[in-house]
Structure formats: structure tokens, C-alpha cells
**Q** 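The structure under discussion is supplied below as C-alpha cells; questions concerning it will follow.
The figures here come from the full heavy-atom set of this structure, side chains too, leaving out hydrogens, waters and symmetry mates.
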Amino acid sequence: MSGQWSGVLPWVATLGLAVVTVVTRAFFMIPEREVPMPEWFKRGLKYAPLAALAAVIAPEILMSQGALITTLADARLPAALCASIYFVCKRGILGTIVVGMAVYLPLHIIWGW
């Protein structure tokens, strides 16, 4: 590509990504009537956000460099445990994050876990 188009390409890419995002997210809102789905499928969709969250968080906590962690001296484990206990007791998201980071940071930065 010549130099005159180099400033336009990011805008074209951004516009293309925006169109794809809008179309894929609005796909279920386009039909005028409800799309028929089996009841078991509807029940399963209720668990999709939790499953997606677990799929993102679990490898981050339990794996390092693409392999399962082999030591308990990893700051992520006690931080996740303390944050989970806080959430079960208090049900507060902000507090859960604060507790997890309050445990993680000293273990990771000061003690090198």
C-alpha cells in the first residue's frame, strides 16, 4: 500500500470490526417473533456466562506457561481462596477484588511467589 492510504486502513478496519460486532450481537434481535428453542437449551443458556467466566479465570489461576502449576507456593492460589471466601461471606464484587489483590500483591512482589 502506498503512504497515502496508511492513515485510512485503521479506520476501515475499525469500521469493519464495528459492523461485524453489531451484526453478530443484534442477530438474535432481528427476527420479529421468538426463535423456537428446546426448553433444555434455554435452561443451558442460563449457565453460559458462568461457564465463560470459569473458562477464562481457571486457566489463569491453575496454569503457568501453559502447564499446570506444580507448587503450592504460587500467589494466585491463596489470593483466589481468600477472595472466594470473602465473596461467599459478603457477596461484594469490589471487596472480592480488593481482598484478592491484598493477598496476591504482597505474596507476589515481596516474597516472590
Side-chain angles (χ1 to χ4, degrees):
M1 286 272 156
S2 74
Q4 70 184 18
W5 292 103
S6 63
V8 174
L9 291 179
W11 289 101
V12 171
T14 302
L15 181 64
L17 289 170
V19 167
V20 168
T21 300
V22 168
V23 168
T24 57
R25 291 187 182 244
F27 182 74
F28 294 105
M29 294 182 241
I30 293 172
E32 292 182 10
R33 60 182 176 84
E34 186 176 338
V35 177
M37 289 185 266
E39 192 60 36
W40 60 267
F41 188 73
K42 288 180 183 179
R43 281 194 315 269
L45 284 177
K46 292 179 183 177
Y47 298 103
L50 179 61
L53 185 62
V56 170
I57 292 175
E60 189 62 35
I61 293 172
L62 301 174
M63 298 180 79
S64 179
Q65 307 278 328
L68 288 174
I69 57 173
T70 57
T71 179
L72 294 177
D74 191 310
R76 295 174 290 183
L77 296 176
L81 178 66
C82 292
S84 298
I85 291 170
Y86 178 89
F87 182 77
V88 167
C89 294
K90 301 287 186 174
R91 299 284 182 193
I93 297 296
L94 180 60
T96 302
I97 294 169
V98 169
V99 167
M101 292 308 292
V103 172
Y104 175 79
L105 287 175
L107 290 175
H108 185 69
I109 294 173
I110 296 171
W111 288 293
W113 281 20

**Q** Specify the closest pair of heavy atoms between Tyr47 and Arg43, including all atoms of both residues, with the distance to one decimal.
**A**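 So the two residues come closest at CD1-O, 3.4 Å.
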**Q** Quick one: closest heavy-atom pair of Glu34 and Lys42, and the distance?
**A**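 Looking at all heavy atoms of both residues, the shortest contact is OE2-NZ, 3.3 Å.
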**Q** List in chain and number order the residues that pass side chain to side chain contact (heavy atoms under 4.5 Å, CB included) with Ser84, two or more places apart in sequence or in another chain; answer none if no residue qualifies.
**A**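 Applying side chain to side chain contact (heavy atoms under 4.5 Å, CB included) to Ser84 gives none.
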**Q** Have a look at Arg76 and tell me which of Ile69, Val103, Leu107 forms a side-chain contact (heavy atoms from CB on, under 4.5 Å) with it.
**A**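 The single option meeting the side-chain contact (heavy atoms from CB on, under 4.5 Å) with Arg76 is Ile69.
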**Q** What heavy-atom pair brings Ala54 and Pro59 nearest, and what distance separates the two atoms?
**A**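 Of all heavy-atom pairs spanning Ala54 and Pro59, the closest is O-CD, 3.9 Å.
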**Q** Mind checking whether Leu68 and Trp113 sit in one hydrophobic cluster, side chains of I, L, V, M, F, W, Y counted as touching below 4.5 Å?
**A**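 No; Trp113 is not reachable from Leu68 via cluster members.
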**Q** Would you give the length of the straight line joining atom CG of Leu94 to atom OH of Tyr86, rounded to the nearest 0.5 angstrom?
**A**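 Interatomic distance, Leu94 CG to Tyr86 OH, rounded to 0.5 Å: 7.5 Å.
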**Q** Looking at Trp11 and Gly7, what are the two nearest heavy atoms and their distance?
**A**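 Residues Trp11 and Gly7, closest heavy atoms: CD1-O, 3.2 Å.
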**Q** Consider only side-chain heavy atoms of I, L, V, M, F, W and Y, link residues closer than 4.5 Å, and tell whether Leu62 and Val56 are in one cluster.
**A**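 No.
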**Q** Would you say Phe87 and Ile93 make side-chain contact, with heavy atoms under 4.5 Å?
**A**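 Phe87 reaches Ile93 side chain to side chain.
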**Q** What residues join Ile85 in its hydrophobic cluster, counting side-chain heavy atom gaps under 4.5 Å, either direct or through other members?
**A**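 Taking Ile, Leu, Val, Met, Phe, Trp and Tyr as members, Ile85 shares its hydrophobic cluster with Leu81.
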**Q** Where is the tightest heavy-atom contact between Gly100 and Ala79, given as atom of each residue plus distance?
**A**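 Nearest heavy atoms, Gly100 then Ala79: O-CB, 3.4 Å.
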**Q** With a sphere of 6.0 Å drawn around CG of Leu53, does it hold more than 12 non-hydrogen atoms of other residues, nucleotides or ligands?
**A**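 More than 12 within 6.0 Å, yes.
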**Q** Do Ile109 and Tyr104 share a hydrophobic cluster, counting only Ile, Leu, Val, Met, Phe, Trp and Tyr and linking them when any side-chain heavy atoms are less than 4.5 Å apart?
**A**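 Both belong to a single hydrophobic cluster.
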